[in-house]
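Lettering follows sequence order; numbering is per chain, from 1.
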Protein chains: 2
Amino acid sequence: MKLLIVDDDLLVCQSLQLLLGNEDDLIVMDTAINGQEAIEKCQKEQPDVILMDIQMPIMDGIESTKRIKKQWPHIHIMMLTTFQDEKNIRLALKAGAEGYLLKSASIENMAQQIRALKAGTVILDADVLKRITEPDKMLLEGLTERETDIVELIAQGLSNKEIAEQLFLSVGTIRNMLSVILDKLEIRDRTQLAIYYWQRKNE
Amino acid sequence: MKLLIVDDDLLVCQSLQLLLGNEDDLIVMDTAINGQEAIEKCQKEQPDVILMDIQMPIMDGIESTKRIKKQWPHIHIMMLTTFQDEKNIRLALKAGAEGYLLKSASIENMAQQIRALKAGTVILDADVLKRITEPDKMLLEGLTERETDIVELIAQGLSNKEIAEQLFLSVGTIRNMLSVILDKLEIRDRTQLAIYYWQRKNE
DNA sequence: AAAATTAAATGACAAATGTAACTACCAGAG
DNA sequence: CTCTGGTAGTTACATTTGTCATTTAATTTT
């Protein structure tokens with residue numbers, strides 16, 4: 001199986017090459033230091049799988065993934081990055097990447113993961129999956145901490161009673177606070193609040 | 001690596017056993033024909049990975065996944081099912097399954113996927129990922145046209161009264177229909193419905 | 001120390017929501 | 001023709017929701 005490694009950090013390229021060199025069915029055919037170069041390398045000789053960083057000069061991993069998948073849909077692309085930033089995860093997967101692993105995660109098993117990727121499944125770091133299925137904080141300007149907590153819980157679908165139990169407050173207090181929140185955000189009811197939340201959440 | 005196969009279809013169990021028998025690092029330690037039995041087998045001898053069907057008599061794969069992960073978090077569970085029904089995918093992942101493959105997909109590579117699963121990543125069938133990240137088709141399956149209309153309007157934040165005016169129906173009718181919708185989707189109230197809608201709608 | 005602010009709670013109230021039971025009409029399948 | 005399923009409605013009931021006025025305790029400001 002032919003691999004292409006794309007990372008602007010040469011150290012990363014080298015260590016990956018070393019690491020995968022032991023596996024005799026995996027051949028690191030070449031490396032590239034940015035997305036532009038990756039596309040050129042693909043043109044010369046098409047790899048089966050690309051390990052691609054996201055943050056790179058000239059052309060980033062997302063853009064080049066988009067282009068490569070458009071031209072050669074059969075090439076499998078594994079994003080290999082440092083940060084588990086939700087937006088990037090979504091963008092990468094939307095761009096066509098089939099894998100998303102964190103560099104911090106155990107590198108020992110990467111060979112197996114690459115083989116599975118080639119086999120046609122999607123490979124996700126376990127933490128990454130959590131990020132995209134149950135995401136976290138956002139901007140609710142003008143709200144206090146406690147109020148923000150309540151918004152989060154309402155956006156999870158909890159009733160006032162449940163929120164009260166969760167926060168160890170009385171139901172009346174929750175209702176009062178929600179009333180203040182709705183007033184601040186100029187929104188009518190909890191359902192609209194939940195909608196407000198999720199529409200902004202997913203940009 | 002010790003495997004446990006859980007499927008009420010004996011044919012499936014046998015063919016999987018045969019298929020994986022070639023791989024000498026994978027040992028099918030036992031099989032079970034429902035979730036209840038799977039838990040018992042786990043108690044006797046803990047497998048590294050479980051291949052689990054969803055639809056089974058007595059106790060289904062979701063419920064038993066929940067229980068097994070609660071008791072033995074280190075056991076990796078791969079759902080292996082026929083249908084890519086969005087609700088089940090979400091339920092399975094929520095229950096703690098780390099993998100979700102379709103039986104229809106290429107079985108040849110399953111060994112590699114199992115190894116990758118053991119290594120700690122999440123394994124998803126490529127089509128399955130699409131379902132949960134960009135569901136073109138809303139999972140408003142099972143709802144009639146009218147009911148879908150109402151869901152749409154609730155997701156816009158309208159009250160029952162406003163919906164009634166928009167559709168030229170009585171408020172009572174809207175309330176009844178909403179009641180049916182909530183029942184069908186197994187959801188408690190309009191806020192949760194709006195959340196349900198937007199979580200799937202947005203990317 | 002006195003005054004002002006804030007977090008938390010109460011009680012009362014109106015409106016909205018969700019459930020249940022039951023009726024009625026219509027269209028299509030068998 | 002009967003049976004089913006979808007649409008539409010009514011009444012009744014219990015619960016939840018959102019608003020307001022007011023109180024208390026704690027904290028901060030002045």
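- Here B/Thr31 pairs with nothing under the side chain to side chain donor-acceptor pair (under 3.5 Å) rule; sequence neighbours left out.
- When each of D/dG9, C/dA9, D/dT7 is scored by its nearest atom to the side-chain atoms of A/Leu169, the top-ranked nucleotide is C/dA9.
- Residue A/Thr173 has a polar side-chain atom (N or O) positioned under 4.0 Å from OP1 or OP2 of C/dA9.
- In this structure, CE of A/Met177 is placed 13 Å from P of C/dT6, rounded to the nearest angstrom.
- Spacing between atom CG of B/Leu167 and atom P of D/dG9 amounts to 10 Å, rounded to whole angstrom units.
- With a 4.5 Å cut-off on side-chain heavy atoms, A/Lys41 and A/Val6 do not count as touching.
- Atom C1' of nucleotide C/dA9 and atom CZ of A/Phe168 are separated by 17 Å, given to the nearest angstrom.
- Between the side chain of B/Thr121 and the main chain of A/Ile123, no donor-acceptor pair closer than 3.5 Å is present.
- Distance, B/Lys184 NZ to C/dT19 P: 14 Å, rounded to whole Å.
- Side-chain atoms of B/Gln192 come within 3.5 Å of backbone N or O of B/Arg188 as a donor-acceptor pair.
- Here the P atom of nucleotide D/dG5 and the CD atom of B/Glu147 are 13 Å apart, to the nearest Å.
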*When you check every protein heavy atom under 4.0 Å of nucleotides 14-27 of chain D, what one-letter string (B, S, -) results, 5' to 3'?*
---BBBBB------
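- The shortest side-chain heavy-atom distance between B/Met1 and B/Glu23 does not fall under the 4.5 Å cut-off.
- Of all non-hydrogen atoms in B/Met52 and B/Met56, the two that sit nearest each other are SD-CE, 4.1 Å.
- Atom pair B/Ile181:CD1 and C/dG18:P shows a separation of 11 Å (rounding to whole Å applied).
- Remark: B/Arg146 is in phosphate contact with D/dA8, judged by side-chain N or O atoms under 4.0 Å from OP1 or OP2.
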